[in-house]
Amino acid sequence: MMNLTLLPDLLLAGMLIGLAWAALSSDDLRRGVVLFIAFGLLLAIVWARLLAPDLALAEAAIGAGLSGALLLVALRDGSGGDKRAAKRSRLNRWLIDLFVLVMTCLIGWVLWLTIYAEPVERLAQLANAMLDRSGVSNPVTAVLLNYRAYDTLLELVVVLAAVLGVLVVGRERRGYREAGPVFYGLVHWLVPLLIVTAGYLLWVGAHAPGGAFQAGATLAAAGIVLRLAGYDAAGLPDGRLLRWLLVAGTGVFLLLGLGMNVSGGRFLQYPEAWSGSLILVIEVAATASIAAALVLAYRGGRTDGWLFMDNKDKSREVSS
Amino acid sequence: MLDLFALLLIFSGITFFFLGAIGLLRLPDLHSRLHALTKADNLGLGLLIVGVALLHGSLLVALKLLLIWLLVLLGSATSAHLISQYSLRRNRS
């Protein structure tokens with residue numbers, strides 16, 4: 001007889017694949033986006049079932065929540081009326097299917113090789129053994145901000161590059177109408193709650209699931225709620241302060257890393273006694289930058305007075 | 001005995017979810033669908049949460065679950081209101 005506890009997991013996996021298929025094959029883009037959000041929420045549950053609560057949190061906050069919001073706002077943008085997915089030719093579609101099939105087989109093969117075929121030395125044991133010296137007690141945070149801090153620094157650089165891309169695209173989207181009394185009431189409860197939750201996630205990341213990316217995404221959710229309620233600035237400051245906020249994560253990380261170089265260590269090699277507090281400082285700055293970057297992506301483009309050249313920009317738009 | 005009671009609560013909660021889903025699929029227009037969905041889900045989730053809290057037996061977990069329920073109540077009531085208001089406004093114009 002089949003193990004009964006396996007049944008819900010198989011059901012989850014089946015639903016996940018079904019939702020992914022439905023989201024991809026949907027002709028209506030809006031429906032596809034909503035299905036994608038449902039897919040993200042289900043994927044978060046799957047991560048939780050796999051005992052990876054850090055990933056579950058990140059998937060729910062960033063994968064389902066913020067990506068979903070960004071996709072929806074992009075749909076609202078494309079007001080040209082064509083809400084249908086572009087029809088591709090039969091050959092084109094066939095080639096894409098073939099490509100996906102080959103890639104799936106390749107990834108599956110590599111996964112099988114690394115997990116079953118060749119037993120190699122795993123790093124998880126080493127990571128756990130060194131946990132006492134990392135400054136935090138959550139192994140995921142230790143990997144992200146201590147053992148492999150270099151990777152996380154580069155991730156923050158990627159976020160910063162994305163922000164630059166958003167700023168280049170154009171001016172920000174039009175805002176929303178002011179919230180009615182009911183929504184206004186919800187906003188007054190929700191935004192402080194989201195800010196407190198983000199602070200908690202940031203703090204708890206040192207010894208339990210949480211951390212800068214989850215906290216940043218939660219904080220960004222507060223900004224998006226504000227914008228939907230008609231606060232066009234979405235909680236972001238203007239001009240100069242916003243720039244500092246956007247580079248804070250990368251900047252603090254880099255400066256601290258270089259500081260360790262100067263004081264005799266290697267790049268990003270924390271002095272052991274300080275590593276806990278250094279990680280917290282870096283995470284605070286990273287949270288601020290990630291949240292600002294995500295909200296800016298939701299606003300989509302330059303705000304008023306971002307560039308000194310904005311006036312010239314306007315005249316060009318008029319003339320074209 | 002307590003476990004049995006908790007299981008009973010959980011199953012009745014699931015029944016409410018089930019009925020809500022049927023209502024969402026079968027009812028004719030937006031407003032009655034919203035009615036079926038929000039009422040059923042709010043009560044269904046409440047029953048589920050009481051059942052799970054009883055099964056778990058810890059006060060702290062029960063409080064956390066209660067907070068989740070309150071948040072969902074607030075969110076689902078507001079979103080139902082927003083959706084129906086939007087459709088009313090669109091029909092009028």
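Lettering of chains follows the sequences in order, A, B, ..., and the numbering in each one begins at 1. Bear in mind that the values here come from a model prediction, so they are computed numbers and not experimental data.
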Heavy-atom neighbours of B/His56 NE2 exceed 12 at 6.0 Å: no
Please check if the number of heavy atoms outside B/Phe16 that lie under 6.0 Å from its CZ is greater than 12. no
I need the B/Leu70 CG to A/Trp189 CH2 distance, nearest 0.5 Å. 9.5 Å
CZ (A/Arg177) with more than 12 external heavy atoms under 6.0 Å: no
Between A/Val182 and B/Leu82, is any pair of side-chain heavy atoms under 4.5 Å apart? no
Within 6.0 angstrom of B/Phe5 CZ, more than 12 heavy atoms from elsewhere: no
Non-hydrogen side-chain atoms of A/Leu193 and B/Leu71 separated by less than 4.5 Å: yes
